[in-house]
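Step one of this worksheet: look at the structure below.
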There are 2 protein chains.
Amino acid sequence: MAEREVDRSVSQTVKAQLALRDQILSGALRPGERISELQAVETTGASRTPVRMALVRLEEEGLLEAIPSGGFMVKAFSERDISDSIELRGTLEGLAARFAAERGVSARELEPLKECLAAIDELLRQVPISVDAFSAYVTLNARFHALLTELSRSPPLIRQIDRASALPFASPSGFVMAQSALPEAQQILIIGQEHHRVVIDAIENREGARAEAIMREHARLAVRNLRLALRNRTHLDLLPALALIKTATD
Amino acid sequence: MAEREVDRSVSQTVKAQLALRDQILSGALRPGERISELQAVETTGASRTPVRMALVRLEEEGLLEAIPSGGFMVKAFSERDISDSIELRGTLEGLAARFAAERGVSARELEPLKECLAAIDELLRQVPISVDAFSAYVTLNARFHALLTELSRSPPLIRQIDRASALPFASPSGFVMAQSALPEAQQILIIGQEHHRVVIDAIENREGARAEAIMREHARLAVRNLRLALRNRTHLDLLPALALIKTATD
DNA sequence: CGCACGGCTATTGTATACATAAAGCATACA
DNA sequence: TGTATGCTTTATGTATACAATAGCCGTGCG
């Protein structure tokens with residue numbers, strides 16, 4: 001019934017896209033196997049036309065792969081693919097931070113970012129960090145990264161960063177929930193927040209190289225999280241899109 | 001009649017996509033104005049279903065922009081947008097070069113790149129450089145960049161670079177033809193080729209930082225070309241997708 | 001027993017008809 | 001005369017019917 005509230009005022013294409021994305025990320029659709037349009041029509045409730053539109057969009061999003069003979073299949077990702085995707089995002093965010101630093105940002109524009117920083121500080125003050133706090137962190141962290149990206153004031157760059165962040169495991173907050181189960185969790189958040197603080201400082205002082213470097217390092221922290229979460233197999237289920245990850249044993 | 005040879009064995013969707021892209025890049029469809037699907041049906045010869053598929057793909061490609069109320073319009077690009085897109089590509093290619101250097105590349109894998117380098121050397125030996133040579137350079141240069149990108153052996157990165165290079169003015173060889181009319185043309189090609197030489201050397205010696213830096217600088221050369229070509233208004237028509245560039249006077 | 005060829009089935013790609021919503025225009029009122 | 005409202009027209013979004021192709025299974029031959 002929660003599903004039905006989007007029935008009106010949202011296009012069938014979007015509905016199908018959301019439904020199919022859920023099925024892919026949850027593992028209901030297995031990597032490597034062809035997606036049946038007819039089956040998708042049944043599960044999404046939309047007709048074939050919007051379903052096919054959704055499939056094309058999901059391909060561009062990176063979750064699907066076109067089959068030469070026609071149709072699409074769910075893509076599978078190696079651990080290396082995922083860490084590369086994260087580093088890719090970090091590189092782009094680094095470029096955004098450098099642009100912001102080099103081109104200059106007014107105090108007024110920096111204000112929302114600083115507020116976001118303060119809100120995360122507030123969150124991290126409580127020890128130990130609750131699950132709710134982790135969840136709130138995810139939201140604030142996503143906001144921080146979005147604000148930072150916009151500071152570049154470069155539409156092409158913003159667009160590319162959005163596309164690079166579309167994959168759930170490449171998004172800035174992708175592994176935060178997964179790391180919540182780790183013993184190192186609190187330290188990692190504190191270090192990440194320090195990166196946030198440094199990038200703002202660098203941008204304020206127009207230190208482009210420093211701003212870029214810290215955002216790259218920030219992404220490396222996410223790569224470290226990924227490794228930790230994959231090794232600590234007790235909480236593997238918190239990993240986003242776990243079903244898409246191809247392990248060496250497969 | 002040359003058009004008819006793709007009639008068979010190529011999907012209507014691809015046909016429509018190619019036709020519409022041509023119309024966009026040639027300026028037949030003006031930036032800012034809504035694309036009429038019915039009109040597109042007439043000009044492409046495909047029916048509305050493949051036309052709409054093509055429109056979605058062209059949006060993802062970056063040439064179109066979705067209109068909130070429905071449909072698509074041709075995007076317009078500022079000079080800043082274009083230079084940022086080039087720098088974006090350079091940053092990604094820098095990452096690819098660094099990956100190649102850090103992760104190591106066998107002599108066997110480097111061979112095609114070196115052959116490409118030698119072929120360009122051969123081309124630049126003749127002075128002054130003919131128009132045919134420029135055209136050959138475009139092909140070889142595109143090949144060099146493609147080979148380099150693949151050396152990263154990172155599918156996510158390759159994918160992103162391909163997407164970043166999809167915009168005609170952001171592609172590695174985008175401004176080569178435009179610069180052919182410039183007096184500085186020959187020097188620019190020689191400098192560019194030097195960059196090619198350096199990146200191979202850096203990868204061979206596993207100097208990641210150097211490989212990355214030179215590819216970034218390489219892209220800055222393209223940015224310089226862009227500036228030169230835009231200022232030297234006598235050969236503006238050689239610029240790719242000139243119709244999409246919004247000038248300050250507009 | 002294995003491989004290849006042919007027919008059948010199921011799925012994709014395309015075309016078109018329909019419904020809904022947006023945009024433009026005309027008219028009426030302030 | 002300008003603005004607002006309602007109607008008309010046209011465009012987009014969706015559903016469905018059709019055609020062509022790819023994959024699969026069974027049978028026959030080597």
Side-chain angles (χ1 to χ4, degrees), chain A residues 3-24 28-61 63-75, chain B residues 3-24 28-76:
Chain A
E3 295 239 1
R4 293 292 169 238
E5 70 194 18
V6 292
D7 263 17
R8 275 188 233 292
S9 85
V10 164
S11 76
Q12 295 295 94
T13 300
V14 171
K15 223 174 64 174
Q17 192 175 351
L18 293 175
L20 286 172
R21 188 192 288 136
D22 275 351
Q23 293 179 30
I24 294 166
L29 294 169
R30 304 282 289 273
E33 65 187 29
R34 188 198 221 106
I35 292 189
S36 161
E37 291 181 6
L38 265 62
Q39 187 183 319
V41 164
E42 283 179 14
T43 59
T44 64
S47 77
R48 275 190 65 215
T49 305
V51 161
R52 298 190 92 241
M53 292 291 245
L55 290 175
V56 170
R57 297 204 125 102
L58 288 169
E59 183 204 4
E60 306 288 344
E61 195 173 317
L63 289 176
L64 297 182
E65 202 175 336
I67 301 172
S69 66
F72 299 92
M73 58 183 241
V74 179
K75 224 192 255 186
Chain B
E3 294 239 1
R4 293 292 168 238
E5 70 195 18
V6 292
D7 264 16
R8 276 188 234 292
S9 85
V10 164
S11 76
Q12 296 295 95
T13 300
V14 171
K15 225 174 62 174
Q17 191 176 351
L18 293 174
L20 286 172
R21 188 192 289 136
D22 274 351
Q23 293 180 30
I24 294 166
L29 295 169
R30 305 282 288 273
E33 66 187 28
R34 188 198 220 107
I35 292 188
S36 161
E37 290 181 7
L38 265 63
Q39 187 182 321
V41 164
E42 284 179 13
T43 59
T44 64
S47 76
R48 275 190 66 215
T49 305
V51 161
R52 298 191 90 240
M53 290 292 243
L55 290 175
V56 170
R57 296 204 125 102
L58 288 169
E59 182 204 5
E60 306 287 345
E61 196 173 317
L63 289 175
L64 297 182
E65 202 176 334
I67 301 172
S69 66
F72 299 92
M73 58 183 241
V74 179
K75 225 193 254 184

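Quick note on labels: first sequence line is chain A, next is B, and so on, each numbered from 1.
- Whole-Å rounding puts the A/Phe72 CZ to C/dT11 P distance at 16 Å.
- Atom P of nucleotide D/dT14 and atom CD of A/Gln17 are separated by 12 Å, given to the nearest angstrom.
- We find that CD of B/Glu33 is positioned 17 Å from C1' of C/dG24, with the value rounded to whole Å.
- Within 3.5 Å, no donor on the side chain of A/Thr13 pairs with an acceptor on the base of D/dT14, nor the reverse.
- Rounded to whole angstrom, the span from the CE atom of A/Met73 across to the P atom of C/dT12 amounts to 14 Å.
- We find that CE of A/Met53 is positioned 16 Å from C1' of C/dT12, with the value rounded to whole Å.
- The neighbour count for A/Arg34 CZ, taken as heavy atoms of other residues, nucleotides or ligands under 6.0 Å away, is above 12.
- When the P atom of C/dA10 is taken as reference, atom CG of A/Leu38 falls 11 Å away, rounded to whole Å.
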List every contact pair, protein side and nucleotides 17-25 of chain D side both N or O, where the distance is under 3.5 Å.
{"unit_1": "D/dG23", "atom_1": "OP1", "unit_2": "A/Ser69", "atom_2": "OG", "d": "3.1"}

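- Heavy-atom minimum distance, A/Leu64 versus A/Val74: CD2-CA, 3.8 Å.
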**Prompt:** Does the pair A/Lys15 and A/Thr44 meet the rule for a side chain to side chain contact (heavy atoms under 4.5 Å, CB included), with working shown?
**Reply:** CA-CA 7 Å; A/Lys15 223 174 64 174; A/Thr44 64; over 6 Å; no
**Verdict with supporting geometry, A/Leu29 and A/Leu20, side chain to side chain contact (heavy atoms under 4.5 Å, CB included)** = CA-CA 9 Å; A/Leu29 294 169; A/Leu20 286 172; 4.3 Å; yes
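- Residue A/Thr49 places no side-chain N or O under 4.0 Å from the OP1 or OP2 atom of D/dT14.
- Using a 4.0 Å cut-off between charged side-chain N and carboxylate O, B/Arg57 and A/Glu59 make a salt bridge.
- Whole-Å rounding puts the A/Ile35 CD1 to C/dA10 C1' distance at 17 Å.
- Of all non-hydrogen atoms in A/Glu37 and A/Val51, the two that sit nearest each other are O-CG1, 4.4 Å.
- Between B/Glu37 atom CD and C/dT16 atom P the separation is 15 Å, expressed in whole Å.
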